[in-house]
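One structure is given below, encoded as structure tokens.
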Number of protein chains: 2
Amino acid sequence: MESRELRYFVAVAEELHFGRAAQRLGIAQPPLSRAIQQLERRLGATLLDRTSRTVTLTEAGSVLLAEGRAALDAVDAAERRTRRAALSATGRPGLVLVTKASASRELLAKLLDAYAAEPGAVPVDVILCGPAEQERLLREGRADVALLHQPFDSTAGFHTEVLSTEGQVAVLPAGHPLTVRAHVHMADITGLPGLPLPRWPDRDGTYPPGPGPQVRDHAQLLQLVALGRACAVSPESCRTQLHGDLAAVPVLDAPKVTTVIAWPPHSRSRAVADLVRTATRLQ
Amino acid sequence: MESRELRYFVAVAEELHFGRAAQRLGIAQPPLSRAIQQLERRLGATLLDRTSRTVTLTEAGSVLLAEGRAALDAVDAAERRTRRAALSATGRPGLVLVTKASASRELLAKLLDAYAAEPGAVPVDVILCGPAEQERLLREGRADVALLHQPFDSTAGFHTEVLSTEGQVAVLPAGHPLTVRAHVHMADITGLPGLPLPRWPDRDGTYPPGPGPQVRDHAQLLQLVALGRACAVSPESCRTQLHGDLAAVPVLDAPKVTTVIAWPPHSRSRAVADLVRTATRLQ
DNA sequence: GGGCAACGATACCGTCCGGGTATTGATCCG
DNA sequence: CGGATCAATACCCGGACGGTATCGTTGCCC
């Protein structure tokens, strides 16, 4: 199967409309129709049920949509990583590390320092992004390594090494009655009047229904807590980022958060290997 | 980048010889040369250093070789899974589960029975193969799920759920002095005179140097032990497969073996999800 | 119910690109 | 120095891919 065919099919499967898909692909509609027919003939499978009014995915079609996206990602990643490898032979850019903006600055700083001290270290670019975006960047070959936080991030498809495990704290507005407690339980903070837990976007960028404000990153979250509009449960290490108008109380029964360093399999790169080794040796 | 270009490049990179690569691809050499040049131009990277006598990979070239193989695997997997999805809509074949021939028959039997009892269960084909082969079958889309054994198998690139953890036992010829012991340590069985630990093949099919007979599967291993030519350290569950002329003694400090069920990410299939859910509920 | 609009399929055509053969040019070997 | 090997170049051809025009079907709305 050619990747062009896959791109065509994915476009149609996503748009469920030949005309729009063709437009998106920058070709006319008839060649697209033909290409899909040809693909179906070669696969011996009907991928789309189409009337002259509506296009729907068959069972086989949804499989190919999911698998095809992954395959196209892999092809793109191969291209990008090759380009980057070629550049790094001549120019500056070395490794790209991606992590959440909310991640522990301490751990990251220690890691970058330790790695920079290694013999043969290359420059490391750090990308900070919102949750769930790291996975994409890593898969698409725009980044070489990521610091992920289980159980929030999925590590599916990557190699990982555990770096640290920490408990979580409840982040509350300073002066809130609970802040005098030495510790709390989850039950204490769910359903606090006027301080709902916020909602994070799903993998696809939509928000689950329910009460609580919508947040997209940790800064927004802290802002909301400071404003007295929400409370939060965050990894302990976020304490270093709290200002005077925020307080943190350990939550005994919150799930532990594990920070892992993740990288794509097939990574032949010595730089990635060095960085990972350095990270695991940080203890 | 087109998958055809990737296939061409991978062929040349593996053969390090345009003529042989062209032959393998079923095309003539000149178009292949051109295709590679074009790929290099488009990537803006030199992939191969070539004189008229020798071809070698550049740094960027090795990256593209590794990444390109993975990408091509993904494309092939997409194709195969789609074909299978289309078939299963009409014909018999449902899920394909792959596991090592040496794996616990008990666990597998329990899993298959429990799944077959589920509503909406589809037929499950079981493939038994040697170690390290499962990974390939799963990646290539020839199988839907695998039972893997950590730390022996790599689970990189897959979703996994832990099914069970067990200790290991030393497998010895019946009547060996150590078999009267209630348990042993690793130190007791490494370097036993005349009973070396066997060598397993590496990921690439070659054997590491050293003493000890070469084995490719568990049956061979047990055969060698029974013949008094080797001893072995195996998961406890292999006890059910031992005959009268073999004995097992727990090894207290051997690494624990974890059996996991693994499946490729992107699996939209309800059947895979059901099977995994059934597996995790086995406890 | 008929006419219209939307949309995918079909027909047909031109062009560019992928592949083939023949040849050149460079390098290693005897 | 001559021959063999192998990648690159030159040149040509056919087919596949993309474009335009059109058809046929299906909802929809007056």
Side-chain angles (χ1 to χ4, degrees), chain A residues 1-62 64-65 68 71-72 75 79 86, chain B residues 1-62 64-65 68 71-72 75 79 86:
Chain A
M1 198 163 35
E2 289 306 311
S3 47
R4 187 180 49 81
E5 302 178 289
L6 265 186
R7 271 187 287 275
Y8 286 9
F9 172 74
V10 169
V12 176
E14 284 179 354
E15 300 284 348
L16 291 178
H17 190 292
F18 280 75
R20 278 196 301 275
Q23 196 173 355
R24 200 174 108 182
L25 292 166
I27 64 171
Q29 169 258 320
L32 181 56
S33 283
R34 259 193 340 207
I36 301 292
Q37 289 174 42
Q38 192 171 317
L39 180 60
E40 287 181 315
R41 238 179 302 123
R42 271 222 288 271
L43 289 174
T46 307
L47 301 171
L48 299 159
D49 284 325
R50 36 205 189 275
T51 69
S52 71
R53 302 298 295 174
T54 165
V55 177
T56 56
L57 278 174
T58 64
E59 190 62 28
S62 355
L64 187 58
L65 176 56
L72 290 177
V75 171
E79 180 166 346
Chain B
M1 199 164 34
E2 288 306 312
S3 49
R4 186 181 47 82
E5 302 177 287
L6 264 186
R7 271 187 286 275
Y8 286 8
F9 171 74
V10 168
V12 176
E14 284 179 356
E15 299 284 347
L16 290 178
H17 190 291
F18 280 75
R20 278 196 300 274
Q23 197 174 355
R24 198 174 108 182
L25 293 165
I27 64 172
Q29 169 259 317
L32 181 56
S33 285
R34 259 195 337 207
I36 301 292
Q37 290 173 42
Q38 193 170 317
L39 180 59
E40 287 181 315
R41 239 178 302 125
R42 270 220 288 272
L43 289 175
T46 308
L47 300 172
L48 299 160
D49 284 324
R50 34 205 190 275
T51 69
S52 70
R53 301 299 295 176
T54 164
V55 176
T56 57
L57 278 174
T58 64
E59 190 63 28
S62 350
L64 187 58
L65 176 56
L72 290 177
V75 172
E79 179 166 345

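What's counted below: heavy atoms across the whole structure, side chains too, no hydrogens, waters or symmetry copies. Below, chains carry the letters A, B, ... as their sequence lines are ordered, and counting in each starts from 1.
The shortest side-chain heavy-atom distance between B:L39 and B:Y8 does not fall under the 4.5 Å cut-off. Counting heavy atoms from C-beta outward, B:L25 and B:V12 have side chains that stay 4.5 Å or more apart. Under the 4.5 Å side-chain criterion, counting only non-hydrogen atoms from C-beta, A:L57 is in contact with A:L48. Using a 4.5 Å cut-off on side-chain heavy atoms (C-beta onward), A:L64 and A:L43 make contact.
The shortest heavy-atom contact between B:A71 and B:L6 is CB-CD1, 4.0 Å. Here the shortest heavy-atom pairing between A:F18 and A:L32 reads O-CD2, 3.4 Å. Looking at every heavy atom in both residues, A:A60 comes nearest to A:A45 through CB-CB, 4.4 Å. Shown here for B:R20 and B:H17, the closest heavy-atom pair between the two residues is N-ND1, 3.0 Å. The two residues B:A86 and A:G44 have their closest heavy-atom pair at CB-O, 4.5 Å.
What separates CG of B:L25 from P of C:dG19 is a distance of 9 Å, to the nearest Å. As a whole-Å value, the separation of B:E5 CD from C:dG19 C1' is 15 Å. When the P atom of C:dG19 is taken as reference, atom CD1 of B:I36 falls 12 Å away, rounded to whole Å. In this entry the distance linking CG of B:L32 with P of C:dG19 reads 9 Å, nearest Å. Between B:D49 atom CG and D:dA7 atom C1' the separation is 14 Å, expressed in whole Å. In this structure, B:Q38 places its CD atom 14 Å from P of D:dA8, rounding to the nearest Å.
In terms of phosphate contacts, B:Q37 brings no side-chain nitrogen or oxygen within less than 4.0 Å of OP1 or OP2 of D:dA7. Distances shorter than 4.0 Å separate some side-chain N or O of B:R50 from OP1 or OP2 on D:dA8.
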Given the rule in the side-chain contact (heavy atoms from CB on, under 4.5 Å) test, do A:V10 and A:L65 qualify, once you have shown the distances and angles that lead to the verdict? CA-CA 6 Å; A:V10 169; A:L65 176 56; 4.0 Å; yes
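Of the inter-residue distances, the one linking A:R7 atom CZ with A:R4 atom CZ reads 8.5 Å to the nearest 0.5 angstrom. Atom OG of residue A:S33 and atom CZ of residue A:R50 lie 7.0 Å apart, to the nearest 0.5 angstrom.
Taking five base pairs at each end of the helix from C:dG1-D:dC30 to C:dG30-D:dC1 and finding the rotation axis that steps the C1' atoms of four pairs onto the next four gives two axes whose angle is 20°, to the nearest 10°.
Taking a 4.0 Å limit (strictly below) on heavy-atom distances, residues 12-24 of chain A reaches DNA chain C at A:H17, A:F18, A:G19. Applying a 4.0 Å cut-off to non-hydrogen atoms, none of the residues of residues 39-46 of chain B approaches DNA chain D.
In this structure a side-chain-to-backbone donor-acceptor pair under 3.5 Å is present from B:S62 to B:T58. In this structure, the side chain of A:E40 engages the main chain of A:L47 through a donor-acceptor pair within 3.5 Å. Checking side-chain atoms of B:E2 against main-chain N and O of A:E2 turns up no donor-acceptor pair under 3.5 Å.
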Quick one: which protein N/O atoms are closer than 3.5 Å to N/O atoms of nucleotides 24-27 of chain D? Pair and distance per line, please.
from, atom 1, to, atom 2, distance (Å)
D:dT25, O2, A:S52, OG, 2.9
D:dT26, O4', A:S52, OG, 2.6

Write down the protein N/O and nucleotide N/O pairs, taken from nucleotides 18-21 of chain D, whose separation is under 3.5 Å; answer none if there are no such pairs.
from, atom 1, to, atom 2, distance (Å)
D:dG18, OP1, A:Y8, OH, 2.7
D:dG18, N7, A:R34, NH2, 2.6
D:dG18, O6, A:R34, NH1, 3.4
D:dG19, OP2, A:A28, N, 2.6

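Sorted by first and then second residue, the salt bridge (Lys or Arg N to Asp or Glu O under 4.0 Å) pairs involving residues 22-35 of chain A (not counting sequence neighbours) are A:E14-A:R24, A:E15-A:R24.
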